[in-house]
Amino acid sequence: MPAKTGQEYINRVNEAKANVWINGEAVTGNISEHPAFSGVMKTQGELYDMQHDPKKRDLMTYVSPTSGDRVGTSFLQPRSREDLEKRRLMMYEWAKHNGGMMGRSPDYINSGMMAYGAASNMFATQDPFYGKNMEAYYAYCRENDLSLTHTLIQPQVNRGVNAAQLPDPYIAARIVEKTSEGVVIRGARLLATQGGITDEIMVFPSTLLKQSDEENPYAYAFSIPNNTKGLKFICRESFDYGKSAFDHPLGSRFEEMDTIVVFDDVVVPWDRVFALADVEVCNRAYNESNAVVHMTHQVVSKNIAKTEFILGILQLMVETINIGQFQHVQEKMSEVIVALETVKSFVTAAEANAKLDQWGIMTPDFTPLNIARNYYPKIYPRFSEIMQQLGASGLMAIPNEADFHSALRPDLDKYLQAANGDAYNRVKLYRLAWDVCMSAFGSRQTLYERFFFGDPVRMAGALYNGYDKQVYVDRVKEFLDRSEELAKNV
Ligand SMILES: Cc1cc2c(cc1C)N(C[C@H](O)[C@H](O)[C@H](O)COP(=O)(O)OP(=O)(O)OC[C@H]1O[C@@H](n3cnc4c(N)ncnc43)[C@H](O)[C@@H]1O)c1[nH]c(=O)[nH]c(=O)c1N2
Ligand SMILES: O=C(O)Cc1ccc(O)cc1
């Protein structure tokens, strides 16, 4: 089946009727018509439609090695640097469409799935069956242009103990039993962004399972359709308040939603199981397959678009109220420029030093990408801070669309005019800035950038522990030894 259109995406998710709960109610009708999801599903549909835009088709799709259909580029297994570049440009194109505000557009998980598909043998250590399942599932995702959510994390009950030691061993989703039909899973996982608005869910382990028992019931990997019996998505309050694009320019379009996932004795069919009670495979999964590298390649490509969007908003604000001549404004703007060029350089370096991995996949150099994923959670909150510092009261003097269509209009036109722009356009811009750095949508973006790739503290620890520092230690030792020689000559 060729890459899908936006309407096909919407129809498929609507028809699936997954068990999605929001505000104490199950979504019963078409989810794409529900006010909490209609805006984001429309946007996601626009991303899929880009695959059929004659001007973009060659970038957004490639010819499937099996069906000969044109399929989505985020499934492309790169064999050359050109392939990597094509993947990056495609992901950047999607991210530009949403200002980088949809971190979980389907290219994120597709990138991981692409790598797992190539590294499927890795899953075959206990039984070749699991490797075959992984390989077949990747091809299935690619040929059907699936959209996936995913969930890695166990409920945040008591981080001082492992899941088996919680008051109920079924708080964190675990294997209950194996039957002829499949593996039965009970318990919860979080946090599945885009939980209700995708086709399937990939349930992989979080980075490291500390328990090493041979038959660990928390160590598994599988993917199932979101409408599988017993699977439930519990949404947080929506940050799409049904307002116009003028009032809530981001929340009305890009509200991806985050969900808690409950497995009420869900039966995972055998052909969808990729690892079972296998701590070793689970712990190696992201790194050995290089899924984490390709997912980070997507993240950083997206973050280039996001930083460009932020820079563009800030510069428009500077021009609108004429503050570009002040030195501290220039300094703050240059902080964002430095961040943008830094993030771009990480991608350039990663691609320039790309190598074929053991699975035959052209793999970006992880070091610059790893630095990028450690850097961005620190710099993104600073963008928000700079936007508040430059926006000042302008972020609160933001009457809404209804005000502009009321008797207040002459007042607004007079008092909210700007050095470069009329009141309507100035407020339109400042409402956008408010949605980046003040609204519930905006503060979720900041939290997202801090945490979506895992705890930044442990990510920094992994960087420190994995980084080769010895060469520098040796150089300093050699230098100190040289000083010793000098001392002897005195
Ligand atoms: C907006 C948004 C969206 C998503 C997600 C998060 C957010 C905020 N996530 C979840 C994300 O993977 C998760 O937030 C991080 O892995 C961190 O885990 P916890 O949130 O459980 O924090 P956790 O409970 O682990 O940490 C809380 C605090 O305690 C500290 N801490 C806890 N244990 C520690 C330890 N052992 N050592 C040192 N410090 C420790 C942490 O540093 C942190 O300050 C997610 N996940 C997913 O699977 N799919 C998804 O789609 C998303 N989407
Ligand atoms: O757990 C990991 O090591 C990698 C990872 C983190 C977050 C995520 O969404 C996917 C993979």
Side-chain angles (χ1 to χ4, degrees), residues 40 101-116 147-163 166 171-173 188-198 200-211 219 221-223 226 233-239 251 254-261 281-300 302 366 369-370 373-374 376-378 380-381 440-466:
V40 68
M101 296 287 164
M102 280 174 66
R104 290 296 159 79
S105 52
D107 47 332
Y108 177 72
I109 299 295
N110 294 354
S111 298
M113 217 25 103
M114 170 285 284
Y116 288 137
S147 54
L148 289 151
T149 179
H150 77 305
T151 181
L152 306 170
I153 304 296
Q154 296 172 333
Q156 202 182 37
V157 177
N158 179 350
R159 291 300 190 226
V161 298
N162 67 39
L166 292 177
I171 292 175
R189 276 284 187 99
L190 19 124
L191 189 68
T193 301
Q194 289 219 2
I197 58 168
T198 41
E200 300 220 351
I201 181 163
M202 177 179 108
V203 186
F204 267 56
S206 68
T207 340
L208 279 187
L209 292 165
K210 289 187 207 81
Q211 317 121 35
F222 61 82
S223 283
N226 285 348
F233 295 91
I234 303 176
C235 300
R236 58 163 167 73
E237 174 189 330
S238 174
F239 303 147
F254 310 134
E255 156 59 322
E256 289 188 287
M257 182 54 71
D258 305 295
T259 64
I260 299 160
V261 187
V281 161
C282 286
N283 285 346
R284 287 190 290 129
Y286 287 109
N287 290 333
E288 199 169 311
S289 64
N290 284 322
V292 72
V293 182
H294 293 284
M295 289 162 93
T296 314
H297 192 225
Q298 185 275 350
V299 164
V300 184
K302 180 268 291 177
F366 190 45
L369 295 181
N370 199 15
R373 76 172 181 148
N374 274 272
Y376 210 73
K378 294 193 172 68
Y380 188 81
F441 178 93
S443 40
R444 179 210 173 259
Q445 286 292 322
T446 305
L447 191 74
Y448 180 85
E449 292 300 346
R450 283 187 203 276
F451 280 107
F452 81 91
F453 227 148
D455 175 16
V457 174
R458 278 167 278 170
M459 222 155 58
L463 172 64
Y464 172 74
N465 289 316

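Counting convention: from 1, in listed order, for ligands and their atoms alike. Because the structure is a prediction, the values reported are computed rather than measured.
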Report task. Take every heavy atom of Met202, measure it against each atom of ligand 2, and state whether any distance is under 4.0 Å. Result -> no

In terms of atom number and element, which parts of ligand 2 are under 4.0 angstrom from non-hydrogen atoms of [X]?
| X | value |
| --- | --- |
| Met295 | 10 (C) |
| Leu152 | 5 (C), 6 (C), 7 (C), 8 (C), 9 (O), 10 (C), 11 (C) |
| His150 | 8 (C), 9 (O), 10 (C) |

Query raised in the report: Under 3.5 Å, N or O to N or O, is Tyr286 touching ligand 2 that way?
Result: no

**Report entry** Tyr108, any N or O under 3.5 Å of ligand 2 N or O
**Finding:** yes

Query raised in the report: Just heavy atoms, cut-off under 4.0 Å: does Arg104 contact ligand 2 by side chain, backbone, both, or neither?
Result: side chain

Report summary line: Rounded to the nearest 0.5 angstrom, the CZ-CD1 distance for Arg189 and Ile201 is 9.0 Å

Report task. Hey, could you give me the CD/CG distance between Glu200 and Leu148, rounded to the nearest 0.5 Å? Result -> 6.0 Å

Would [X] count as being in polar contact with ligand 1, using the rule that some N or O on each side must be under 3.5 angstrom apart?
| X | result |
| --- | --- |
| Ala192 | no |
| Asp455 | yes |
| Val457 | no |
| Arg444 | no |
| Arg458 | yes |
| Arg104 | yes |

Report task. Establish, from distance only, whether the side-chain atoms of Arg104 and Tyr448 form a donor-acceptor pair under 3.5 Å. Result -> yes

Could you tell me whether a side-chain N or O of [X] sits under 3.5 Å from a main-chain N or O of [Y], the two making a donor and an acceptor?
| X | Y | result |
| --- | --- | --- |
| Asn226 | Thr198 | yes |
| Thr151 | Val203 | no |
| Asn110 | Pro106 | yes |
| Thr149 | Thr193 | yes |

Query - For Ser105 against Glu256, the heavy-atom pair lying closest together - result: N-OE2, 3.5 Å

Query raised in the report: Quick one: do Arg236 and Glu255 make a salt bridge, cutoff under 4.0 Å?
Result: yes

Query raised in the report: Salt-bridged, Lys302 to Asp107, with N to O below 4.0 Å?
Result: no

Which of the atoms of ligand 1 are close to [X], meaning less than 4.0 Å from one of its heavy atoms?
| X | result |
| --- | --- |
| Leu152 | 47 (C), 48 (O) |
| Leu447 | 8 (C) |
| Gln156 | 22 (O), 23 (P), 24 (O), 27 (C) |
| Thr151 | 48 (O) |
| Thr193 | 3 (C), 4 (C), 50 (C), 51 (O), 52 (C), 53 (N) |

Requested in this report: Test Tyr116 against Phe204 for ring-ring contact (aromatic ring centres under 6.0 Å, His included), laying out the working first.
Outcome: CA-CA 11 Å; Tyr116 288 137; Phe204 267 56; 4.6 Å; yes

Between [options], flag the one that comes closest to [atom] by a heavy atom.
| atom | options | result |
| --- | --- | --- |
| atom 6 (C) of ligand 1 | Ile201, Leu191, Asp258, Val203 | Leu191 |
| atom 24 (O) of ligand 1 | Met202, Glu256, Arg159, Gln154 | Arg159 |
| atom 14 (O) of ligand 1 | Phe204, Tyr448, Tyr108, Phe451 | Phe451 |

Query - Test side chain to side chain contact (heavy atoms under 4.5 Å, CB included) applied to Met257 and Gln194, step by step - result: CA-CA 6 Å; Met257 182 54 71; Gln194 289 219 2; over 6 Å; no

Query raised in the report: Quick one: which of Tyr108, Phe452, Tyr286, Phe222 gives a ring pair (Phe, Tyr, Trp, His ring centres under 6.0 Å) with His150?
Result: Tyr108

